Structures are given as C-alpha cells and as structure tokens.
*Asks:* 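The structure under discussion is supplied below as structure tokens; questions concerning it will follow.
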Amino acid sequence: MRRYFRLPKSRPRKWLLVVVIILAVCAVVLAAVISTGSCREWLANKAATADVNIVGISFRGISLTAVTVDVTVSVRNSNPVGTVLHRIAYVIYFEEDGRWVHLGSADRTEDVTIKANSSTTFDIMNQIGLLPAAMALYEIYNQGGSVNMKVAGSAWVGIGPVSVEVPFERIEKIGF
C-alpha cells in the first residue's frame with residue numbers, strides 16, 4: 001500500500017509574500033509624500049542651502065595647442081542629511097580693458113556626494129583653446145604679469161529626488 005504524503009505549504013513563501021506587500025505599501029506611501037508639493041519644496045530649500053564656491057583658479061601648464069587651467073570647487077553642506085552635487089557648469093572669462101572675454105567653459109556631470117554637515121573640495125581641469133589662451137596670455141603680459149579671471153556658473157545640488165540649481169561666481173587676479 002502506497003502512502004501519499006501531502007507537503008504543507010512552505011512558510012518562507014508566505015513570509016516572502018508578506019514582505020513584498022509591506023514593501024509595495026511603503027513605496028506607494030513614499031511616492032505620495034515625495035509628490036506632495038510641500039515635501040518637494042522642503043527638500044528643495046534644504047538642497048539650496050548648500051554653498052558652492054570657487055576657491056581657486058590657477059594655471060597648470062602651457063603647451064603649443066592649449067593652456068590648462070585648474071578650477072578648485074568647494075561645496076559645503078550644512079544640512080543634517082547628505083547631498084549630491086549632480087552637475088556643475090561654468091564659463092571662464094578674463095578681463096580685457098574693463099570687459100569680460102570668454103576663455104572657456106566646463107560641464108562636469110559626475111556625481112559628488114557631500115556628507116551631512118561637512119564639505120568637500122575638488123579640482124576641475126580645463127583645456128583652453130590656443131586663440132583664447134593667446135589673448136589671455138597677451139593681456140597678462142600687458143598688465144605686468146597678472147590678469148583678472150572670472151568663473152561664473154551653476155551647480156545642481158540634490159537631496160533625494162529633488163535637485164536645485166545654485167548659481168556662483170568668483171573673480172580672482174591670476175599671475176605668473
């Protein structure tokens with residue numbers, strides 16, 4: 001005589017189903033909270049409190065085809081939660097006879113994480129074309145070895161799903 005045993009339903013499958021349901025409910029609640037205007041506005045205000053500063057502009061080197069300029073960026077996060085610098089875009093100018101002349105531009109899209117209540121500093125290397133570089137070098141020569149340079153742009157800082165544009169500008173006298 002054969003006996004057939006019926007296996008009971010597995011308990012791990014039931015637990016897995018319960019966990020999936022709980023995660024789905026949490027995802028719906030989180031989406032509802034994030035899509036609420038006041039929550040997005042609060043996150044945007046927190047992200048906007050991050051300070052983005054250009055702390056240095058320096059010539060790195062000169063070649064036959066380009067001039068390399070390093071721009072040192074400092075981002076200070078005074079929030080109790082971490083933020084991410086998603087993008088930074090700027091234009092570099094030099095001053096010639098009281099007007100700003102476009103020298104080059106940069107657009108960095110590599111994410112930089114800034115921990116809560118801390119800051120981070122990093123360099124962005126910029127290659128300046130031969131003609132604008134020659135004009136800037138000529139102006140440095142005319143002004144006795146230094147020239148005013150300006151970096152103006154914006155950084156996009158985010159907390160969670162919200163990203164805010166933070167404008168910045170720095171003028172510095174550069175010389176050899």
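Because the structure is a prediction, the values reported are computed rather than measured.
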*Asks:* Side-chain contact test, heavy atoms from C-beta onward, threshold under 4.5 Å: evaluate it for Asn79 versus Asn117 and give yes or no.
*Replies:* no
*Asks:* Donor-acceptor pairs are to be reported for all side-chain atoms of residues 122-131 against protein atoms at under 3.5 Å, with residues two or more places apart or in another chain.
*Replies:*
unit_1: Asp123; atom_1: OD1; unit_2: Thr72; atom_2: OG1; d: 2.6
unit_1: Asn126; atom_1: OD1; unit_2: Tyr90; atom_2: OH; d: 2.9
unit_1: Asn126; atom_1: ND2; unit_2: Val69; atom_2: O; d: 3.1
unit_1: Asn126; atom_1: ND2; unit_2: Tyr90; atom_2: OH; d: 3.1
unit_1: Asn126; atom_1: ND2; unit_2: Ile124; atom_2: O; d: 2.9
unit_1: Gln127; atom_1: NE2; unit_2: Thr68; atom_2: OG1; d: 3.1

*Asks:* For the NZ atom of Lys150 and the CD1 atom of Ile92, what is their distance to the nearest 0.5 Å?
*Replies:* 12.5 Å
*Asks:* Side chains of Ile57 and Val151: closer than 4.5 Å at any heavy-atom pair?
*Replies:* yes
*Asks:* Not counting sequence neighbours, which residues clear side chain to side chain donor-acceptor pair (under 3.5 Å) with Arg108? List them please.
*Replies:* none
*Asks:* Flag the pair Val71 / Ile54 as yes when at least one side-chain heavy-atom distance between them is below 4.5 Å, and no otherwise.
*Replies:* yes
*Asks:* Taking Asn77 for its side chain and Lys115 for its backbone only, find out whether a donor-acceptor pair lies under 3.5 Å.
*Replies:* yes
*Asks:* Ignoring hydrogens and angles, tell me if any N or O in the side chain of Arg76 forms a donor-acceptor pair with the backbone of Ser118 under 3.5 Å.
*Replies:* yes
*Asks:* Who else is in the cluster with Leu23 when I, L, V, M, F, W and Y are joined by side-chain contacts under 4.5 Å?
*Replies:* Val19
*Asks:* According to salt bridge (Lys or Arg N to Asp or Glu O under 4.0 Å), does anything in residues 85-94 pair up with another residue at least two apart or in another chain? List the pairs.
*Replies:* Arg87-Asp107
*Asks:* Does a side-chain heavy-atom distance below 4.5 Å link Val52 with Val73?
*Replies:* yes
*Asks:* Measuring only between side-chain heavy atoms, which start at C-beta, is Ile88 closer than 4.5 Å to Trp156?
*Replies:* no
*Asks:* Output all residues satisfying salt bridge (charged side-chain N to carboxylate O under 4.0 Å, His left out) with Glu169, sequence neighbours left out; order by chain, then residue number.
*Replies:* none
*Asks:* May I ask you to list the residues sharing a hydrophobic cluster with Tyr93, side-chain cutoff 4.5 Å, ordered by chain and number?
*Replies:* Val91, Trp100, Ile171
